[in-house]
Amino acid sequence: MLRKIGIEAIEVRKVQQLSKIDGLIIPGGESTTIVKLLTRFEFIDHLRERVTSGMALWGTCAGMIVIARELADPYPIPLNLIDISVARNYFGRQVDSFEAELNIEGINGDPMRAVFIRAPIVRTIGKGVTRIASTDDGQAVAVKKGRVLATSFHPELTSDTRLHALFLKLAKEAQKDPRLNRSSERNIGSI
Ligand code: GLN
């Protein structure tokens, strides 16, 4: 999806790569596993430092769970990179996956088709966090604070690149942020 909108994206496998990127996407998957791996490969401190310095960050589905402040479940321990509390698997099991049309603040034109797979919802939102999309029954499924974006669904599973383009804007802003170390090649990465 990133390449489709002309971004030179890299897959982040080593913590040192975090210094080379202006934006990071933590994708869907399984949040307990992602947190275990981030811990084992010693990503957490450096990731926190980069985000505090203004790097753009986007957590989708399991990624949203990973970056939340608090979860309804005891596991995993989330990273607290955006002030939201999140309920995992809110809509039920794999068979309860669904698609919905969402109006998302900041996205012009038609509503976006969103794919929800064992998706979480945002239960509570802290100061300064904006809800940018809700389901028909009023559950918050996309939020944003500064350059940190969290979405419950899988934006890579349709051909609509509008949310990726919005994230690109945040990464471009980050690129100009003097708090992030400059280097000649800058990218968006994905764990
Ligand atoms: N239910 C998964 C979890 O708790 C997330 C599912 C997904 O990323 N599609 O981590």
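All of these numbers come straight from a predicted model, not from anything done at the bench. All values below were derived from every heavy atom in this structure, side-chain atoms included, with hydrogens, water molecules and symmetry-related copies excluded.
- Evaluation of the side-chain contact (heavy atoms from CB on, under 4.5 Å) rule for Thr161 yields Met1, Lys4, Ile5 as partners, not counting sequence neighbours.
- Judged as a side chain to side chain donor-acceptor pair (under 3.5 Å), and not counting sequence neighbours, the contacts of Arg131 are Ser134.
- Legend: ring pair (Phe, Tyr, Trp, His ring centres under 6.0 Å) pairs involving residues 1-43, not counting sequence neighbours: none detected.
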Legend entry - Derivation of the salt bridge (charged side-chain N to carboxylate O under 4.0 Å, His left out) call for Glu30 and Arg88: CA-CA 10 Å; Glu30 207 289 315; Arg88 295 173 69 189; 2.9 Å; yes
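- Contact between Met55 and Leu18 at its shortest, heavy atoms only, is SD-O, 4.3 Å.
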List the atom pairs, with distances to 0.1 Å, where a side-chain N or O of residues 69-83 and a protein N or O form a donor-acceptor pair under 3.5 Å, not counting sequence neighbours.
unit_1	atom_1	unit_2	atom_2	d
Arg69	NE	Asp83	OD1	2.6

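- Judged as a side-chain contact (heavy atoms from CB on, under 4.5 Å), and not counting sequence neighbours, the contacts of Glu11 are Arg13.
- Although no hydrogens or angles enter the test, the distance criterion places no donor-acceptor pair under 3.5 Å between the side chain of Arg50 and the main chain of Leu180.
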Legend entry - Full working for side-chain contact (heavy atoms from CB on, under 4.5 Å) between Val129 and Val122: CA-CA 11 Å; Val129 180; Val122 179; over 6 Å; no
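- A side-chain donor-acceptor contact under 3.5 Å links Lys144 to the backbone of Gly146.
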Inset, instruction - Mind running side-chain contact (heavy atoms from CB on, under 4.5 Å) on Ile132 and Val143 for me, showing each step along the way? - result: CA-CA 5 Å; Ile132 59 167; Val143 294; 5.7 Å; no
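- With sequence neighbours excluded, no residue forms a side-chain contact (heavy atoms from CB on, under 4.5 Å) with Asp136.
- Applying the ring-ring contact (aromatic ring centres under 6.0 Å, His included) rule to Phe98 yields the partners Phe91, Phe116; only residues at least two apart in sequence or on another chain are considered.
- Every residue two or more places apart in sequence or in another chain was checked for a side chain to side chain donor-acceptor pair (under 3.5 Å) with Thr130, and none qualifies.
- Leu102 approaches Thr135 most closely through the heavy-atom pair CD2-CA, 4.3 Å.
- Residues passing the side chain to side chain donor-acceptor pair (under 3.5 Å) test with Glu101, sequence neighbours excluded: Arg113.
- Considering all non-hydrogen atoms of both residues, Ser85 and Thr124 come closest at OG-OG1, 2.5 Å.
- Every residue two or more places apart in sequence or in another chain that forms a side chain to side chain donor-acceptor pair (under 3.5 Å) with Arg118 is listed here: Asn89.
- In plain terms, the two heavy atoms of Asp22 and Ala171 that are nearest each other are CB-O, 3.5 Å.
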Name the atoms and distances for all side-chain donor-acceptor pairs under 3.5 Å in residues 149-158, with sequence neighbours left out.
unit_1	atom_1	unit_2	atom_2	d
Thr151	OG1	Trp58	NE1	3.0
Ser152	OG	Pro120	O	2.8
Ser152	OG	Val141	O	3.3
His154	ND1	Glu156	OE2	2.8
Thr158	OG1	Asp160	N	3.3

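- Here the shortest heavy-atom pairing between Gly59 and Ile67 reads N-CD1, 3.9 Å.
- In plain terms, the two heavy atoms of Arg147 and Leu170 that are nearest each other are CD-O, 3.6 Å.
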Inset, instruction - Applying side-chain contact (heavy atoms from CB on, under 4.5 Å), run through Ile26 and Thr60 and close with a yes or a no. - result: CA-CA 6 Å; Ile26 304 183; Thr60 73; over 6 Å; no
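- Not counting sequence neighbours, the partners of Ala62 by the side-chain contact (heavy atoms from CB on, under 4.5 Å) test are Ser31, Ile34.
- Contact annotation: the side chain of Gln17 approaches that of Ile10 to within less than 4.5 Å [non-hydrogen atoms, C-beta and beyond].
- Of the possible donor and acceptor atoms, one in the side chain of Arg162 sits under 3.5 Å from a partner among the backbone N and O of Asn108.
- Side-chain heavy atoms closer than 4.5 Å link hydrophobic residues (I, L, V, M, F, W, Y) into clusters, and following such links, possibly through other members, connects Ile44 to Val86.
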